[in-house]
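Both ligands and their constituent atoms are indexed starting at 1 by order of listing.
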Amino acid sequence: MHDYLILHGVNLNMFGRRDPAQYGHESLAQINARLEALAAELGVRLDIFQTNHEGEMVERIHAALDDGTRAVVINAGAWTHYSYALMDALAVLHVPVVEVHMSNVHAREAFRHHSVLSSVCAGSIAGFGPLSYELGLRAAHGLAGAAGL
Ligand code: DQA
């Protein structure tokens, strides 16, 4: 059983090997290790999932309805900008969803300025590298606690 679900979308398994100017040098495994360390500090458990397949991500989100997930932290990668399927899936949930991005999407290409997921998220955090995820987990923890979940 876990408390919080951490979702990494398309291409995020390439962190550490992909555009270091935007995403730095840490691998996804290293980012996940940071999150596990923070979770231990907070006394909570994580379920961490990465996929490059949109349908698999939709199904993992659906499963969160019944698996005890108390909040979700999601970096959907490029799906952020166009996936109405992920937006609809997240809208089914009754728990807080926190959107995170490693890079400052607002300082990049115009297509990255809009997130179709933001409207179904409690808030979003972008531009702080791996710290975006840690801030996202702290936000999820605070929101789940405040909601009495
Ligand atoms: C990203 C930003 C997206 O625009 C991009 O497609 C990604 C990563 C980020 O973490 O900064 O894959 O979500």
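Of the polar atoms of V10, none of the N or O atoms is found under 3.5 Å from an N or O of ligand 1, judged by distance alone. Looking at H101 next to ligand 1, an N or O pair under 3.5 Å apart turns up. Considering backbone and side-chain N/O of V105, none are found under 3.5 Å from N/O of ligand 1.
Nearest to atom 5 (C) of ligand 1 among the protein's heavy atoms is R112 NH1, 3.2 Å. For atom 8 (C) of ligand 1, the closest non-hydrogen atom of the protein is Y23 OH, 3.4 Å. Protein heavy atom nearest atom 11 (O) of ligand 1, with residue, atom name and distance: S103 OG, 2.6 Å. Here the protein heavy atom with the shortest distance to atom 9 (C) of ligand 1 is M102 N, 3.4 Å.
With a heavy-atom cut-off of 4.0 Å, Q22 does not touch ligand 1 at all. Neither the backbone nor the side chain of V100 has any atom closer than 4.0 Å to an atom of ligand 1 (non-hydrogen atoms only). Only the side chain of N75 comes within contact range of ligand 1, with a heavy atom under 4.0 Å; no backbone atom does.
Relative ring orientation between H101 and H81 is described as parallel, the plane-to-plane angle staying below 30° on a 0-90° scale split at 30° and 60°.
In summary, the side chains of S103 and R108 do present a donor paired with an acceptor at a separation below 3.5 Å, with no hydrogens or angles considered. At a cut-off of 3.5 Å, with distance as the only test, a side-chain donor of N75 or Y133 sits close to an acceptor on the other residue.
Salt-bridge check for E41 with R138: passed, with a basic side-chain N closer than 4.0 Å to an acidic carboxylate O.
Aromatic rings from Y82 and H114 are positioned such that their centres are separated by 6.0 Å or more. For F49 and H8, the ring centers are positioned 6.0 Å apart or more.
Atoms of ligand 1 found under 4.0 Å from any heavy atom of R18, numbered from 1 in the order shown, are 7 (C), 12 (O).
The option from E99, H8, M14, H81 that lies nearest to atom 3 (C) of ligand 1, judged by heavy atoms, is H81.
At a threshold of 4.5 Å between non-hydrogen side-chain atoms, the residues L135 and V100 do not count as touching.
There is no path of hydrophobic side-chain contacts, each under 4.5 Å, that joins M87 to V73.
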